[in-house]
Protein chains: 2
Amino acid sequence: MSSYKDKKVITIGIISELTGLSERKIRYYEERKLIFPERTKGGTRKYSFDDVERLVDIANKMEDGMQTFDIRRMEQKKLSKKELRERMLRGQLNAAFNMRK
Amino acid sequence: MSSYKDKKVITIGIISELTGLSERKIRYYEERKLIFPERTKGGTRKYSFDDVERLVDIANKMEDGMQTFDIRRMEQKKLSKKELRERMLRGQLNAAFNMRK
DNA sequence: CGTGTAAGGAATTCTGACACG
DNA sequence: CGTGTAAGGAATTCTGACACG
């Protein structure tokens with residue numbers, strides 16, 4: 001789906017206003033691999049509304065004393081869980097398939 | 001609803017890419033009261049995804065040989081129709097209300 | 001009327017670094 | 001580690017005007 005939420009079209013100044021975070025913080029979270037803006041030909045960063053939500057989420061975790069390292073690992077765990085779910089599903093499908101033959 | 005669609009957060013360069021229209025055209029359509037971007041403190045224009053759709057619509061009408069003046073009048077007619085519908089609805093409600101007393 | 005363009009200036013963003021802690 | 005800041009430069013945008021038609 002080409003939703004508006006994940007279209008990278010917002011520059012950092014406006015992102016800063018929307019999230020309340022300084023541009024410095026936003027660029028730093030990118031450096032720590034927590035956020036992945038696109039770039040214009042000229043090199044200007046472009047973010048999506050999804051990124052706004054992600055940044056607010058990051059900000060909350062930082063307030064809770066979490067380090068960028070922890071947050072990144074947490075993101076990966078989420079991915080792992082998702083993968084796990086997919087694998088379980090695939091496993092069930094395979095089992096059902098195998099029963100047929 | 002605070003939808004993403006009507007949040008004015010996109011600068012003119014990206015709007016130009018999304019719509020395929022030159023910045024000159026986009027600014028001109030604003031001058032002709034067809035589009036209404038917001039501004040940053042510094043004066044930079046900010047548009048929404050809704051504006052993107054509106055601009056594409058305008059571009060189509062211009063291609064059909066319509067003039068900005070016609071398009072603006074057309075917009076107003078749409079509003080009038082909407083108002084008309086609301087008025088009719090209100091009229092029916094009033095009629096129903098009057099029957100009760 | 002609608003749009004391209006060159007012009008000069010202002011606002012916005014970028015990177016790398018130093019600072020504090 | 002996370003973030004502020006001053007620095008210099010580059011990309012982006014702005015306005016008013018001239019041009020063509």
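Side-chain atoms are counted along with the backbone in the values below, which use heavy atoms only and exclude waters and symmetry mates.
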J.: Both A:Gly42 and B:Phe69 contact DNA chain C. Taking the nearest nucleotide for each, which residue is further toward the 5' end?
T.: B:Phe69
J.: If the cut-off is 4.0 Å, is B:Arg24 near the phosphate of D:dT13, judged by side-chain N/O to OP1 or OP2?
T.: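 Checking D:dT13 against B:Arg24, no side-chain N or O comes under 4.0 Å of OP1 or OP2.
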J.: Establish, with yes or no, whether the OP1 or OP2 oxygen of D:dG2 is under 4.0 angstrom from a side-chain nitrogen or oxygen of A:Tyr29.
T.: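 No.
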J.: Check the distance between D:dT12's P and A:Arg45's CZ and give it to me in whole angstrom.
T.: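 One finds 13 Å between P of D:dT12 and CZ of A:Arg45, rounded.
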J.: Counting Watson-Crick and G-U wobble pairs only, both distances under 3.5 Å, name the nucleotide matched with C:dA7, or none.
T.: D:dT15
J.: Determine: side-chain N/O of A:Arg27 to OP1/OP2 of C:dC14, distance under 4.0 Å, yes or no.
T.: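 The answer is yes; a side-chain N or O of A:Arg27 sits under 4.0 Å from OP1 or OP2.
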J.: Less than 4.0 angstrom between a side-chain N/O of A:Thr68 and OP1 or OP2 of D:dG2, yes or no?
T.: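 Checking A:Thr68 against D:dG2: at least one side-chain N or O falls below 4.0 Å of OP1 or OP2.
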J.: Run A:Tyr29 and A:Arg54 through side-chain contact (heavy atoms from CB on, under 4.5 Å) and show every step you take.
T.: CA-CA 11 Å; A:Tyr29 298 153; A:Arg54 199 166 294 127; over 6 Å; no
J.: Is the distance between the ring centroids of B:Tyr4 and A:Phe49 less than 6.0 Å?
T.: yes
J.: Should B:Arg32 be listed as having a side-chain N or O under 4.0 Å from OP1 or OP2 of C:dG2?
T.: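 Answer is yes, contact under 4.0 Å.
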J.: Starting from C1' on C:dT12, measure out to OH on A:Tyr47 and report it in whole angstrom.
T.: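 My rounded result for the distance is 13 Å.
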J.: A:Tyr28 has an atom OH; how far is it from atom C1' of D:dG2, in whole Å?
T.: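 So the OH-C1' distance, A:Tyr28 to D:dG2, works out to 5 Å.
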J.: Let me know the distance between CG of B:Leu55 and P of C:dG2, rounded to the nearest Å.
T.: 15 Å
J.: For the pair made of CD in B:Glu17 and C1' in D:dT12, what is the distance, rounded to whole Å?
T.: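 Atom-to-atom, B:Glu17 to D:dT12, this comes out as 12 Å.
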J.: Whole angstrom is fine here: how far is it from NZ in B:Lys25 over to C1' in D:dC14?
T.: 20 Å
J.: If you group Ile, Leu, Val, Met, Phe, Trp and Tyr by side-chain heavy-atom gaps below 4.5 Å, do A:Phe69 and A:Met62 land in one group?
T.: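 The answer is no; the residues belong to distinct hydrophobic clusters.
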J.: In this structure, how many angstroms lie between the P atom of C:dT15 and the CD atom of A:Glu30, rounded?
T.: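 One finds 8 Å between P of C:dT15 and CD of A:Glu30, rounded.
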J.: Check whether any side-chain nitrogen or oxygen of B:Ser22 sits under 4.0 Å from OP1 or OP2 of C:dG4, and answer yes or no.
T.: yes
J.: Separation of A:Ile15 atom CD1 from C:dT12 atom P, in whole Å?
T.: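 In whole Å, C:dT12 P and A:Ile15 CD1 are 15 Å from each other.
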J.: If you check every side-chain atom of A:Glu23, which of C:dT13, D:dG2, D:dT13 has the closest atom?
T.: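 Selected nucleotide: C:dT13.
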J.: Do B:Arg27 and B:Arg45 come close enough that some side-chain heavy atom pair is under 4.5 Å?
T.: yes
J.: So, OP1 or OP2 of C:dT12: does either fall under 4.0 Å of a side-chain N or O from A:Thr44?
T.: no
J.: Checking the side chain of B:Lys8 only, and the main-chain atoms of B:Asp51 only, is there a donor and an acceptor separated by less than 3.5 Å?
T.: no
J.: Is there a Watson-Crick or G-U wobble partner for D:dG2 with both distances under 3.5 Å, and which nucleotide is it?
T.: C:dC20
J.: Would you mind telling me which residue lines up with the more 5' stretch of DNA chain D, B:Arg39 or A:Gly43, judged by nearest nucleotide?
T.: A:Gly43
